[in-house]
Structures are given as structure tokens and as C-alpha cells.
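Just so you know, ligand 1 is whichever comes first in the structure, and atom 1 is the first atom listed for that ligand.
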Amino acid sequence: MKNSPKNNDKIYYMIIAIVAIACVVVSIVLIINNKSKNEEEKDLAYTELIKLIDEQKIEKIEMTVGSTSIKVMLKGESQEDAKTAIVPNTQAFIELIHEKYKEGNYIELIQKPVNTFLKVGETLFSFLPTILILIMFLIIIQMQGLGDKGKVYDAESHKNTNITFKDVAGLEEEKTELIEIVNFLKEPKKFQEMGAKIPKGILLYGKPGTGKTLIAKAIAGEAGVPFISMSGSEFIEMFAGLGASRVRKLFDKAKKISPCIVFIDEIDAIGSRRTNGSGAESENNQTLNQLLVEMDGFETDQTVIVLAATNRPEMLDKALLRPGRFDRQITIAPPDAKGREEILKIHSKNKKLSKEIDLKEIATDTAGFTGAELANVLNESAIIATTKEHKEITMDDLEEAVKKVTVGLEKHSRVISDKDRKLTAYHEAGHAVVSKYLSTQSDVKEVSIIPRGIAGGYTMYKTNEDKYYISKTEMEERLIALLGGRAAEKIAINDISTGASNDIEVATSVAKDMVIKYGMSDVIGPIDLTVKDRTEISPFGEEIDNVVGVEVKKLMDVAYNKAQEIILSHMDKLHAVASILLQKEKITAEEFEEIFK
Ligand code: ADP
Ligand code: ZN
């Protein structure tokens, strides 16, 4: 996965802010310093000095070549009490002293050569604010993209990728659809002569890590054309007009190297609905407008295909989706079991896997994982195998890696009080026992009270198939299983904890979706309350909000009661599971099933 360009920008701005503050501080210090220095040095006014000379009160004067500042020592006073004075014209002053000689007024005059080292230092120092301001200016110019070598976008050095469709596992239908684009890019002339209009923009919808960037690169690789890219979040800049100018530059470059692929990641960062707002929003508008202008402005002989990726299609400005812009949309869904197996295969090519490994089994265990997460699983397994000094990656290493990626690292070291352990044991046992008595819920795979990541324990379920639809009964039972943890805490320990907060959060959002999205509440009926009109105001009014609240609460209450009912009628099982957990910290599927025989 990529690192966030937003973060880089933040660091960049921080550096600028620091430089700017440093400039201001240094300038102020220098100004104050200079002032006080001048005042101090002039502790003898020139007229006063002349008066003292005339009154023959001066013993010695020290001058430095090239400086108007002199040191004056009065008769009968020590070296330390020397006063300083400024003479308007050093040459005239020296002559004056010589005149005084002739009058018999002898003043010792010492002329010291200039200390070049100090002098240069002083000069440099006095230029410091100017230099700093200049540096800051250069940085700004660079950021504005006016400088010669400013890093504006990584399109500066475009490369033909060597990624092809072979590197993209699964996504067969999507690839078939995109082969057309590859052909367009390979032989644009042929299509143009036939009068075919080449698509300009394709929007890829999908979660992060599902392979949107990968497939865009593969199209470029298949067609043998350059791939240039940037991320939407890079466009959001501090300086007005910068986003728009970057878009212009990106497309200027694209036109020069056409045919090519332009990939814009996180397009929602610039392409979210235009508002009449100010500041960041209006900057956003400028960038979006520029993008629209560029997309409308291609000549027919310029084969530039823009692919854009987003996870939030609902955020996009409708103008982006008009014909001639991103008029094709492709959803990139997380892979199904077969897709996962293929992705695992691709990413295990350069790994030392032991023969016993069954990638199909790992694929079965990783429902819902994205391609990036699966790649991560294999990488983690290699790390685990190395740490354990295995010759090859074993099935155990892989399973461990799956868990690691799912819930974070096992933390054996964390000290947990006995009370907490007991609470966690009953909580997790509650989930497991309750779901055992719910026919739609998956079988328990493992229950553990070893903390992982932020979770104190976990109950893992077997996932046998990829589901496309979830029934109402299944969702209701999901709520019951989720609330099983809390129910067990209450019944077995007669206290409840914050350990259930995540369960409650998930359950509430499931219940809410049932009511407002999937039309599963009889009172509200089959209405999607999340549909909004253009003004972003729900057209359904306030009364319905109240009904939603009542309906969600009803679902939750029913589920919580049902969970308690199950626990109460199977207390023996709950105690049995909890006591094994307290002993061994973990229960396998077999041990769990044994309890119910
Ligand atoms: P996105 O752009 O959707 O956030 P990426 O294309 O950046 O996701 O995917 C990140 C990484 O995950 C890829 O570089 C690749 O290693 C892996 N990956 C994702 N999907 C697939 C896939 N279908 N086949 C093979 N590897 C994949
Ligand atoms: Zn829980």
C-alpha cells in the first residue's frame, strides 16, 4: 500500500512554517540588537567628544580601519572605562587629531587593522534575514510549480510499467471490460477511422487495497503506454490556484506523451460536490473545474485515458460523471474465495512455502480480505517463519499471519488482572455459546482471551462461503450474537463492562441499517431513508427520525433479551467454555464442539 501524500505535505508545510517563524524571530532579534548596539556605542556624543578633546581630557583613542566607531579613554581612567563614540567622517577626524598635535594637545591615536574574519561574519550576519527570506521565497516558488525542478507530481519521470493483467488476480469480468480500453490505446487510429469515440474517463469504485491502482497500471502495461499518476489529496494545497495549476501541468504532460494513461487516486479529494464555500472549498472548486476543463478539452487525436479511483462514489460531483468525462464506472469488489486463492498464489511466487500449505484453506479463512491485505498476510508469514527460524513458511506461520493481520499482534506480555481475565472469558464465551444456538451464524473457529491489538479477546468464526445477500433473520441473529458478550457478563458476573463497546457499536449500526436502509422495519416499511435530495436534506422529516429511533431500539432490545435467554438456558455450557478459556486462554473449534456433545 502507498504512504499517504497528505502526510508528506504536512511535513512540508511544517518546515516552511518553522523557516518562516525563524526568519521573523531572527529579524526581530537583529533589529533590537542593532538598535541597542548603536545606542550603547554612542555613549559619547560627537559634540561631547570634541568638547573633551578641546578640554585636553582625552588620553587615547582607538580606531578600527573602516569603522566609524571609536574607543575613547579619558585621562586618569582605566582601560575598562573606555567610552565609545561615532565619528561622522573618520578621515576628517584623524586630521582633526593631527591639528591638535600641532596645538600641543597630544592624544595617542591607535589605528587597528580591520579583523577580516569578524568583518565577514558580521556582514553575513547582517544579511541573514535577507538570506532566510530568499530561501523561503524559493521554497514558495518551488511549491507553486514555477521553479525549474519543483516536485510537482510524480509524472515528471513517467515509466512504462511492466505490470500486466497476469499480475492482477481475479477480477475476470473487470479485465474483460477493460481489454477494450487496452485495444483503444494500442491502435487508436483504427478505432478513430471507424468513427468510434474513445472513452475518456473510467471511474474505479472500491475499497482501498482492492487493486484499483494495480489494474490501472496493468492497462498501461498491456497497451505498452506510459502511466502517469497523482493522488487527489496532493491537489489540496495551501496556496490558491496551486491545485488547478497542477492539474493543468499533469494534462499538458499527458498530451505530450499520448497515448497514455493518467491515473488519479482518491479523486473524491478534489471531485467532491462543489459548494459555494470559501477557503479550502473554493480551492477545491478551482481544481475540480480545471479537471473538467482538461477532460473536455482533449483533441480527438489525443489518446489520453483518465482512470480515477475512489471509495466514496456518493461524494463525487455529478459533473464528473457526465458523458465525455467519467462516463464509465467499474466497481472493484473485494475478491471472492477463488479470487483470494489466486491473489495468494500470485503473491506466494517469490516466497518459500512448504509443500503442505493449502492456499485454498487460507482463502477460505480470509473472507472479506482485500488484495492488499492478502499480500500483507503472505509477507507477515515470511516474517514469522524467519523469526521462528523455520526453513520454509509453514501452515502455522500462515495461520498466525492471518490472525496478525486480522486483529493485530498477540500481546502475551500485557499484564491482566484476574478479574479482567474472568470478565473477558465470560464475554467471549457468551458470543460463542449464543451463536452456537443461532442457525444462521457461522461455526466458531477459535475463541481466545489473549489480547490482540486493542481487543481484550476475540471469537473467530468459520466463514464457509462468500455471501452476496444477507437475510433479515440473519441480521437479527447477528445482533443476538453480538450482544451475547454483554449478556454473559451481566448474567455470569452480575456486572457489565466497556469490553462490549465495540459489539454495541457494530450492533447499533447493523440495526440502524436494517431500519433505514434495507426496509426491514415493518413500521417504516421498504424505504431507504438515506436517500437525499440535492440540498442534502432528508426529505422524510423529523417524525420519521423518531420512529427510526424507536425501531432501532426495538431490534436491539429483542436481540439483547434473546441473547440473555440463550445464556440462561445454557449456563452449563457457558461455564464450561469460560473455564477452558481461563485455563488455556484459547479454545479450538474441536474443543468447543466437544462441550456440546
Ligand atoms: P487500491 O489502488 O485499490 O488502493 P492497490 O492497487 O494499490 O489498491 O493494491 C495494493 C496492492 O495489493 C497491490 O500492489 C498488490 O500487491 C495487491 N493486490 C490488490 N489487488 C490485487 C489483485 N487483484 N491481484 C494481485 N494483487 C493485488
Ligand atoms: Zn465482544
Side-chain angles (χ1 to χ4, degrees), residues 1-4 161 163-175 178 203-220 227 229 231-233 263-268 307-312 330-336 338-350 363 366 369-379 405 407 423-435 447-449 451-452 454-461 478-489 496-507 563:
M1 277 186 279
K2 298 138 286 186
N3 63 349
S4 155
T161 73
I163 292 171
T164 64
F165 281 161
K166 274 208 304 295
D167 301 299
V168 186
L171 301 173
E172 293 308 327
E173 278 164 44
E174 291 79 358
K175 281 196 262 185
L178 289 165
L203 206 50
L204 304 174
Y205 291 153
K207 282 205 326 194
T210 43
K212 299 183 293 296
T213 314
L214 188 72
I215 208 162
K217 279 186 182 159
I219 294 170
F227 173 89
S229 73
S231 171
S233 57
F263 180 68
I264 304 175
D265 204 359
E266 299 178 66
I267 192 164
D268 43 280
L307 282 127
T310 180
N311 187 28
R312 297 142 82 193
I330 297 178
T331 306
I332 310 284
D336 59 8
K338 191 163 156 278
R340 290 197 298 274
E341 192 182 337
E342 281 167 29
I343 294 174
L344 287 166
K345 246 182 227 156
I346 283 187
H347 288 277
S348 59
K349 264 188 196 136
N350 57 351
T366 47
F369 276 43
T370 63
E373 282 160 345
L374 292 168
N376 194 11
V377 163
L378 279 162
N379 190 46
V405 172
V407 260
L423 205 97
T424 311
Y426 275 97
H427 178 102
E428 297 304 334
H431 284 305
V433 171
V434 165
S435 38
V447 187
S448 161
I449 58 166
R452 272 172 192 280
I454 53 160
Y458 58 88
T459 303
M460 265 170 91
Y461 298 97
R478 175 101 201 278
L479 296 181
I480 302 171
L482 280 165
L483 296 175
R486 164 59 63 93
E489 287 179 32
I496 51 179
S497 76
T498 55
S501 63
N502 184 252
D503 299 334
I504 291 172
E505 189 186 328
V506 175

Val405 versus Phe369: any side-chain heavy-atom pair under 4.5 Å?
yes
Would Lys212 count as a polar contact of ligand 1, with the cut-off being nitrogen or oxygen pairs under 3.5 Å?
yes
Evaluate Gly209 for polar contact with ligand 1, using N/O atom pairs at a separation under 3.5 Å.
yes
Which is the closest N/O/S atom of His431 when seen from the Zn ion (ligand 2)?
NE2
Please confirm whether Ile346 comes under 4.0 Å of ligand 1, counting heavy atoms of the residue only.
no
Glu373 versus Thr370: any side-chain heavy-atom pair under 4.5 Å?
yes
The N/O/S atom of Asp503 lying closest to the Zn ion (ligand 2) is OD2
Looking at non-hydrogen atoms alone, which of Thr213, Ile163, Leu171 comes nearest to atom 2 (O) of ligand 1?
Thr213
Applying side chain to side chain donor-acceptor pair (under 3.5 Å), which residue pairs with at least one partner in residues 496-506 are found, sequence neighbours left out?
His427-Asp503, His431-Asp503, Glu489-Ser497
Are any of the N or O atoms of Gly211 closer than 3.5 Å to those of ligand 1?
yes
Would you name the N/O/S atom of His427 that lies closest to the Zn ion (ligand 2)?
NE2
Keeping Lys212 on the side-chain end and Ala308 on the backbone end, is there a donor-acceptor pair under 3.5 Å?
no
Taking the side chain as every heavy atom from C-beta outward, state whether Asn311 and Asp268 have any atom pair closer than 4.5 Å.
no
I want to know if ligand 1 touches Ile343 in the polar sense, i.e. an N/O pair below 3.5 angstrom.
no
Could you name the option among Pro208, Gly339, Ala372 that has the heavy atom nearest to atom 12 (O) of ligand 1?
Ala372
Would Tyr458 and Ile449 satisfy side chain to side chain contact (heavy atoms under 4.5 Å, CB included), going step by step from the backbone distance to the final call?
CA-CA 6 Å; Tyr458 58 88; Ile449 58 166; over 6 Å; no
Would you say Leu482 and Ile504 make side-chain contact, with heavy atoms under 4.5 Å?
no
Leu214 to ligand 1: N or O pair under 3.5 Å?
yes
Residues forming a side-chain hydrogen bond (donor to acceptor under 3.5 Å, both in side chains) with Glu341, sequence neighbours excluded
none
Using a strict 4.0 Å cut-off to heavy atoms of Ala169, name the atoms of ligand 1 that fall inside it.
22 (C), 23 (N), 24 (N), 25 (C)
